[in-house]
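Letters A, B, ... are given to chains in the order of the sequence lines, protein chains preceding strands, and every chain is numbered from 1.
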2 protein chains.
Amino acid sequence: MPRKVDPEAHAAKRQHILDSAAVLFAARGYERTTTSQLCAQAGISLGTLYHYFPGKKQLFLAVLTQDEQQTRSLLEELAQDADPMEALLRFVSHLAEPAAEHPIVPHLVLEAMLQAHRDPEVRKVLEDAESHETHGLRRLLQRAAGSGDVDPELDVEEAASWISSLISALYLQAATQPEFDPATQRKHLIRSVRAFLRPPWTP
Amino acid sequence: MPRKVDPEAHAAKRQHILDSAAVLFAARGYERTTTSQLCAQAGISLGTLYHYFPGKKQLFLAVLTQDEQQTRSLLEELAQDADPMEALLRFVSHLAEPAAEHPIVPHLVLEAMLQAHRDPEVRKVLEDAESHETHGLRRLLQRAAGSGDVDPELDVEEAASWISSLISALYLQAATQPEFDPATQRKHLIRSVRAFLRPPWTP
DNA sequence: GTCTATATCTGGATAGAC
DNA sequence: GTCTATCCAGATATAGAC
């Protein structure tokens with residue numbers, strides 16, 4: 001038998017703490033979530049929490065950074081997609097997906113955005129995610145620019161940034177107006193992006 | 001000479017405190033802004049603060065509600081505008097204006113949005129503002145629906161809500177990406193709204 | 001590794017002199 | 001009306017037994 005089964009157990013528990021924390025941070029915000037609430041939610045005690053994380057802030061950062069990788073693979077795949085416009089819209093759709101799947105994500109994202117402009121560490125984490133997201137958008141947009149679906153007058157960088165903020169709009173609405181169906185919102189988002197890019201005079 | 005010059009002085013000082021507080025709440029958020037910081041910014045002492053406001057939270061609410069009236073008059077005016085689509089776009093532009101004029105407003109709005117879903121009182125304040133804004137949008141959209149500029153397939157309520165969230169998108173971007181010129185963003189917003197509403201097959 | 005007990009600090013709010 | 005001094009609750013983080 002192996003000498004150390006601990007590592008897996010450790011990782012599992014750590015993940016459990018992360019998941020519990022995400023719920024609370026999303027629901028109550030960073031500042032209003034206390035360490036004892038975090039412990040209660042995870043079913044552990046204060047000492048244990050500090051055994052797994054050096055402090056509340058590091059825990060928060062860990063929550064934010066946990067699933068950051070999965071976007072990259074899709075981006076690679078889409079880069080070689082046949083139809084550029086199709087690829088772009090699929091990427092947008094992908095970025096909007098978490099908002100619909102996990103109701104807590106929008107709140108978490110907004111919370112992070114606000115914290116970002118007060119705390120340098122949070123800012124860095126967010127900027128990294130945002131930049132590589134916008135970078136992906138720009139590349140796809142660049143390619144799509146050849147087709148007749150995109151207004152040649154548009155500045156690519158500006159357009160990418162605006163589309164990025166359209167996605168944020170969906171997150172905002174998901175967070176603040178839960179009465180609207182995420183699927184419908186996604187439909188509107190896609191319609192908006194397509195219509196925004198299209199030349200004014202018609203294809 | 002009048003017996004009581006106090007009222008004006010009182011109002012002036014109260015306003016001064018409100019203005020100072022707005023800056024801090026926008027920059028640091030509600031929770032991280034301490035009462036002593038509020039006092040320092042306003043150049044007063046703790047006792048004085050509590051003389052003018054019953055507490056930190058009431059001060060925050062007062063900041064949020066202070067300039068809420070001015071939208072109504074414009075709405076009345078626009079309701080009788082000749083060109084419905086033009087009126088709608090002007091209203092949208094008007095709602096987006098504060099984001100460009102006062103750099104702190106976007107942060108304040110976002111802060112309020114997040115607090116709203118944790119604190120019932122904040123929620124009520126925001127809901128009132130939001131509802132009468134969306135209501136205005138709906139009315140204007142209803143009128144514009146007659147013209148050929150609006151896709152008859154669109155659900156008016158859904159569309160109004162989505163446009164509202166497009167405006168929020170501009171606020172979000174203003175708050176998180178100050179490197180982008182607000183005027184340009186406003187241009188994109190108008191383009192987005194117009195394009196979103198237009199029938200897909202072309203006008 | 002996990003807990004309990006506790007140290008330390010900071011925040012909002014109050015009391016009461018001037 | 002304005003200030004200073006202070007109270008008290010609650011937060012993060014640590015110490016150290018088990």
In whole angstrom, what separates [X]'s [atom1] from [N]'s [atom2]?
| X | N | atom1 | atom2 | value |
| --- | --- | --- | --- | --- |
| B/Phe60 | C/dG12 | CZ | C1' | 16 Å |
| A/Phe53 | D/dA13 | CZ | C1' | 16 Å |
| B/Gln58 | C/dG12 | CD | P | 13 Å |
| A/His16 | C/dG1 | NE2 | P | 16 Å |
| B/Glu31 | D/dG10 | CD | P | 16 Å |
| A/His10 | C/dG1 | NE2 | C1' | 10 Å |
| B/Leu59 | C/dA13 | CG | C1' | 14 Å |

Salt-bridge criterion met for [X] and [Y] (N-O under 4.0 Å):
| X | Y | answer |
| --- | --- | --- |
| A/Glu157 | A/Arg139 | no |
| A/Arg90 | A/Glu77 | yes |
| B/Arg198 | B/Asp151 | no |

Contact list for DNA chain D against residues 17-30 of chain A - heavy-atom distance below 4.0 Å: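 Contacting residues: none.
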Measuring from the side chain of B/Thr34 (C-beta onward, heavy atoms only), which nucleotide among D/dG1, C/dG12, D/dA13 has the closest atom? C/dG12
Candidates D/dT12, C/dG12, D/dG1 - which lies nearest the side chain of A/Tyr50: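 Closest of the options to the side chain of A/Tyr50: D/dT12.
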Filter on salt bridge (Lys or Arg N to Asp or Glu O under 4.0 Å), then keep only pairs touching residues 29-52 of chain B, sequence neighbours left out; what's left? A/Glu31-B/Arg32, A/Arg32-B/Glu31
Filter on salt bridge (Lys or Arg N to Asp or Glu O under 4.0 Å), then keep only pairs touching residues 173-184 of chain B, sequence neighbours left out; what's left? none
Other residues, nucleotides and ligands only: do more than 12 of their heavy atoms fall within 6.0 Å of NE2 on B/His135? no
Taking N or O atoms only and anything under 3.5 Å, show me the protein contacts with nucleotides 2-5 of chain C, one pair per line.
| from | atom 1 | to | atom 2 | distance (Å) |
| --- | --- | --- | --- | --- |
| C/dT2 | OP1 | A/Lys13 | NZ | 3.1 |
| C/dT2 | OP2 | A/Tyr52 | OH | 2.8 |
| C/dC3 | OP2 | A/Ser45 | N | 2.9 |
| C/dC3 | OP2 | A/Thr48 | OG1 | 2.2 |
| C/dT4 | OP2 | A/Ser45 | OG | 2.8 |

Closest non-hydrogen atom pair, B/Ala144 against B/Pro84: CA-CB, 3.5 Å
Residue met sooner reading DNA chain D from 5', once A/Pro54 and A/Arg32 are mapped to nucleotides: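 The residue closer to the strand's 5' end, by nearest nucleotide, is A/Arg32.
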Suppose we screen for ring-ring contact (aromatic ring centres under 6.0 Å, His included). Which residues come up paired with B/Tyr30, at least two apart in sequence or across chains?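 Residues passing ring-ring contact (aromatic ring centres under 6.0 Å, His included) with B/Tyr30: B/Phe25, B/Phe60.
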Here the ring-ring contact (aromatic ring centres under 6.0 Å, His included) pairs for residues 112-131 of chain A, sequence neighbours left out, are A/His117-B/His107
